[in-house]
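Proteins come first, then strands; the chains are lettered A, B, ... in the order of their sequence lines, and each starts at number 1.
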There are 2 protein chains.
Amino acid sequence: MKTTTIYDVAKEAGVSIASVSNAINGKGNISKKKREEIFKVMERLQYQPSVIASALMGKKTFTLGLLIPDVSNPFFSEIARSVEDLAHHAGYSVIVCSTDNKDERVEKYIRLLEQKSVDGIIIGTGVENTEILLQLAEKSVPIIMIAREVSAMSVHSVLTDDFKGGSLAAQHLLKLGHSRMAVLSENFKVSSSVERVKGFKFALFEAGLAIEADDILSCESTIKDGKRAAAELIRRGNSPTALFCVNDMLAIGALQAAKEAGVRVPEELSVIGFDNTILSTVTNPMLTTIAQPMEQMVKLAFDLLISHSEQEDTIKQRIVMQPELIVRESTSKPKL
Amino acid sequence: MKTTTIYDVAKEAGVSIASVSNAINGKGNISKKKREEIFKVMERLQYQPSVIASALMGKKTFTLGLLIPDVSNPFFSEIARSVEDLAHHAGYSVIVCSTDNKDERVEKYIRLLEQKSVDGIIIGTGVENTEILLQLAEKSVPIIMIAREVSAMSVHSVLTDDFKGGSLAAQHLLKLGHSRMAVLSENFKVSSSVERVKGFKFALFEAGLAIEADDILSCESTIKDGKRAAAELIRRGNSPTALFCVNDMLAIGALQAAKEAGVRVPEELSVIGFDNTILSTVTNPMLTTIAQPMEQMVKLAFDLLISHSEQEDTIKQRIVMQPELIVRESTSKPKL
DNA sequence: CTGAAAGCGCTTACAG
DNA sequence: CTGAAAGCGCTTACAG
């Protein structure tokens, strides 16, 4: 079926295509009468302007790219939803790109998004080879980082104070009376994880405690991996009384490992997560965790991205948000 | 920064833009020498063809739309990931559209997708006013329904045998020895839910049992709603020994209600869900549920959509997949 | 206030 | 094998 074009409505309305275009965009001067006439015809013909064509004329595509490690991970799917809602509200659509934290995927996706002339890219994924992003930042497409950071990058970024978040976790555990703690960390290449661990250690240090290198386990970021690592920790015996997990996935793994080993949470082992994903409300016991103000972060990021695309030369901002402790059921005083 | 166009590489390579285009698309005949020359120049200039421009010439946009109720719902975010992977592999990107099962959002998104000339739309969301879809089906953009159905629609669809799924749940409970059961159903407008409940009731009927109208509760599809409905059921007293929830979200709500009321699952109340989302492995007890073969379904849907876009006239297919019972910890024999 | 014309970056017959 | 030219559906100066 032939789609109706601006020519069809121009002919039907007895005007030039320029007038139709002007009517649509509220540009130029058109007599009220003609405008109304044109709108009527558009309606009757069910005319839909082609954003493809108008994009080719240098207008926006009203499409945004969102790079995240994995949409099927609740933390990121929640981000995706927030982005989508804001975008939709502003007339944009969003192309979701799951990178699995693989640089090659990042690169491939970025190239794709460039070819499609997206109006901006929101990056919520880690990148090892920061060259990729630096190059991208040089180009014309506006980008912004969210919940991730690449050092010394000249791009806007909005993130949580991960160091503070780690400290918060430690302080909570400290206050409950724990002194022997362990941590499950994601792959040390993820900057946010590193910061969280640092913050955790620092708070311990301030309290006059130290954490043994042995008690900091590194693993991938899946439930399964968290479970494996936690199981190992438990098997070792002489276990800590509390476990800080750098994200909720790992914490859930830890919960499962404890359950299998017959270790009661929180009575025998307190577990604290990070991110406050929906998962943390679903476990039993429900997970104590550190929340990032994701909705606000997404809002800030989005606004920055969109306004940025208007005024090229704004100074790159780095907005840091405050994390918050959410106490639920997985932490308590250590058993004597 | 001016982006480099086909003209730039043509000039640089000393050929016409037609030759560059031919080289890129492997069309026409170009001497090997010229082709290589051209590719070298493209590389050097970091030339990226504009899909916008080529789309305007009637080529594909290599963009797909995905309509689902909510990306932040694990069931759908898993679908989104599968779709994305297949799409990416085939060179497509996907625009994710969360509809909240609202017709107005469906309409708005569809219009947006049309204006962007997507190559196809995957619909995994319910629609009340089927007119919307019927109209869409008349148009040129190929569509396919997944995990949802709109009666009498002349579109491809791939779905699970929800009736069978409901029966499976009932049979499992029956076999365990339950005779007094209740069901938590989503909004009766969702076709798949209706089928599931029907299947459940039918299996009961075959076993010579009936279910009282009172014991079939309808609610929205959130954890909170499931919790509220289940709490009501429990509060009523004279409770059933088993509860079939039409999806995992509701089942989780039921688990929470039981926990709050001090009703032990599965000892005092068996709970069975539907969808086998990641959530069902995270609860404690882990959720017995009915799985849909989502990956296969997405694969079939995707292939159908893409091939469909090539050959307009294929007969509309309706592919039905078999559900599977996944027994975990939330169901057991009823306490005497 | 309105329209003819050029142009966005490509692809595709069509000559040569 | 190669290039000139028309055209995809728009927008935007520029005349009138």
Side-chain angles (χ1 to χ4, degrees), chain A residues 1-39 41-42 45-63 111 114-119 139-141, chain B residues 1-39 41-42 45-63 111 114-119 139-141:
Chain A
M1 200 178 75
K2 195 84 178 48
T3 52
T4 79
T5 72
I6 200 170
Y7 288 96
D8 301 317
V9 354
K11 194 193 291 177
E12 190 73 12
V15 296
S16 73
I17 59 164
S19 293
V20 177
S21 176
N22 284 332
I24 295 173
N25 300 303
K27 285 260 187 89
N29 299 321
I30 309 182
S31 62
K32 212 168 183 176
K33 202 179 141 198
K34 278 221 158 143
R35 197 206 335 270
E36 279 167 7
E37 176 70 20
I38 289 171
F39 275 117
V41 175
M42 291 200 301
L45 267 45
Q46 294 199 56
Y47 169 66
Q48 313 244 58
S50 157
V51 331
I52 294 286
S54 86
L56 192 54
M57 280 306 297
K59 310 280 276 192
K60 301 205 238 179
T61 53
F62 286 97
T63 306
R111 210 168 312 132
E114 284 184 298
Q115 288 178 205
K116 296 196 174 166
S117 310
V118 295
D119 297 329
K139 301 202 184 164
S140 49
V141 42
Chain B
M1 201 177 78
K2 195 84 180 45
T3 53
T4 80
T5 73
I6 200 171
Y7 288 95
D8 300 317
V9 354
K11 193 194 291 176
E12 190 73 13
V15 297
S16 72
I17 59 164
S19 293
V20 177
S21 176
N22 284 331
I24 294 172
N25 300 303
K27 285 263 187 84
N29 299 321
I30 309 182
S31 61
K32 214 170 185 174
K33 203 178 140 200
K34 282 223 157 144
R35 198 208 331 271
E36 280 167 6
E37 176 69 19
I38 290 171
F39 276 116
V41 175
M42 292 200 299
L45 268 45
Q46 295 199 55
Y47 169 66
Q48 313 244 57
S50 156
V51 333
I52 295 285
S54 88
L56 192 55
M57 282 304 298
K59 309 281 278 196
K60 300 205 239 180
T61 54
F62 286 98
T63 306
R111 212 168 311 132
E114 285 184 298
Q115 288 178 203
K116 297 197 174 164
S117 310
V118 295
D119 297 328
K139 300 200 184 166
S140 49
V141 42

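Here the straight-line distance linking atom CZ of B/Phe39 with atom OH of B/Tyr47 works out to 11.0 Å at 0.5 Å rounding. With rounding to the nearest 0.5 Å, the separation of NZ in B/Lys116 from OG1 in B/Thr63 is 9.5 Å. One distance of note links OG1 of A/Thr5 with CG of A/Leu45; it measures 9.5 Å at 0.5 Å rounding. To the nearest 0.5 Å, atom OG of residue A/Ser19 and atom CD of residue A/Glu37 are 12.0 Å apart.
In terms of polar N and O atoms assigned as donor or acceptor, the side chain of A/Tyr7 comes within less than 3.5 Å of the base of D/dC10 in a complementary pairing.
Here the C1' atom of nucleotide C/dT2 and the CD1 atom of A/Ile38 are 10 Å apart, to the nearest Å. B/Gln115 has its CD atom 13 Å from the C1' atom of D/dC10, to the nearest Å. At whole-Å resolution of the value, NZ in A/Lys60 and C1' in C/dC8 are 18 Å apart. Counting to the nearest Å, the P atom of D/dA13 and the CG atom of A/Asn25 are 13 Å from each other. Distance, B/Lys11 NZ to D/dT2 P: 21 Å, rounded to whole Å. In this structure, A/Ile6 atom CD1 and D/dC8 atom C1' are separated by 13 Å, rounded to whole Å. As a whole-Å value, the separation of B/Ile17 CD1 from C/dT11 C1' is 9 Å. For B/Ile24 and C/dT12, the CD1 to P distance is 12 Å, given to the nearest whole Å.
Of the candidate nucleotides C/dT11, D/dA4, C/dG3, D/dA4 has the atom lying nearest to any side-chain atom of B/Ser16. Of the candidate nucleotides D/dC8, D/dC10, C/dC10, D/dC8 has the atom lying nearest to any side-chain atom of B/Leu56. Which of D/dC1, C/dC10, C/dT12 sits closest to the side chain of B/Lys59 comes down to C/dT12. Side chain of B/Ser21, nearest nucleotide from C/dT12, D/dT11, D/dT2: C/dT12. The nucleotide whose nearest atom lies closest to any side-chain atom of B/Ala18 is, among D/dG3, C/dC10, D/dC1, D/dG3. Picking from D/dG9, C/dT11, D/dG3 the nucleotide with the shortest atom distance to the side chain of B/Ser54 gives C/dT11. Comparing C/dT11, D/dT2, C/dC8 against the side chain of B/Lys34 picks out D/dT2 as the nearest. Closest contact between the side chain of A/Asn22 and the listed nucleotides C/dT11, D/dT12, D/dC1 involves D/dT12.
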**Report entry** Structure string for DNA chain C in dot-bracket form, Watson-Crick and G-U at under 3.5 Å, | interchain
**Finding:** |||.||||||||.|||
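When the side chain to side chain contact (heavy atoms under 4.5 Å, CB included) test is applied to B/Leu56, the partners found at least two apart in sequence or on another chain are A/Ile52, A/Ala53, A/Leu56.
With contacts defined as side-chain heavy-atom distances shorter than 4.5 Å, the pair A/Met42/A/Ile24 qualifies.
The residue B/Val51 sits apart from the nucleic acid: no heavy atom pair falls under 4.0 Å.
A/Thr61 contributes a side-chain N or O that, together with a main-chain N or O of A/Ser117, makes up a donor-acceptor pair within less than 3.5 Å.
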**Report entry** Verdict with reasoning, A/Val15 to A/Lys34, per side chain to side chain contact (heavy atoms under 4.5 Å, CB included)
**Finding:** CA-CA 8 Å; A/Val15 296; A/Lys34 278 221 158 143; 3.7 Å; yes
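Contact annotation: B/Ser31 reaches the phosphate of D/dT2 (side-chain N/O to OP1 or OP2, under 4.0 Å).
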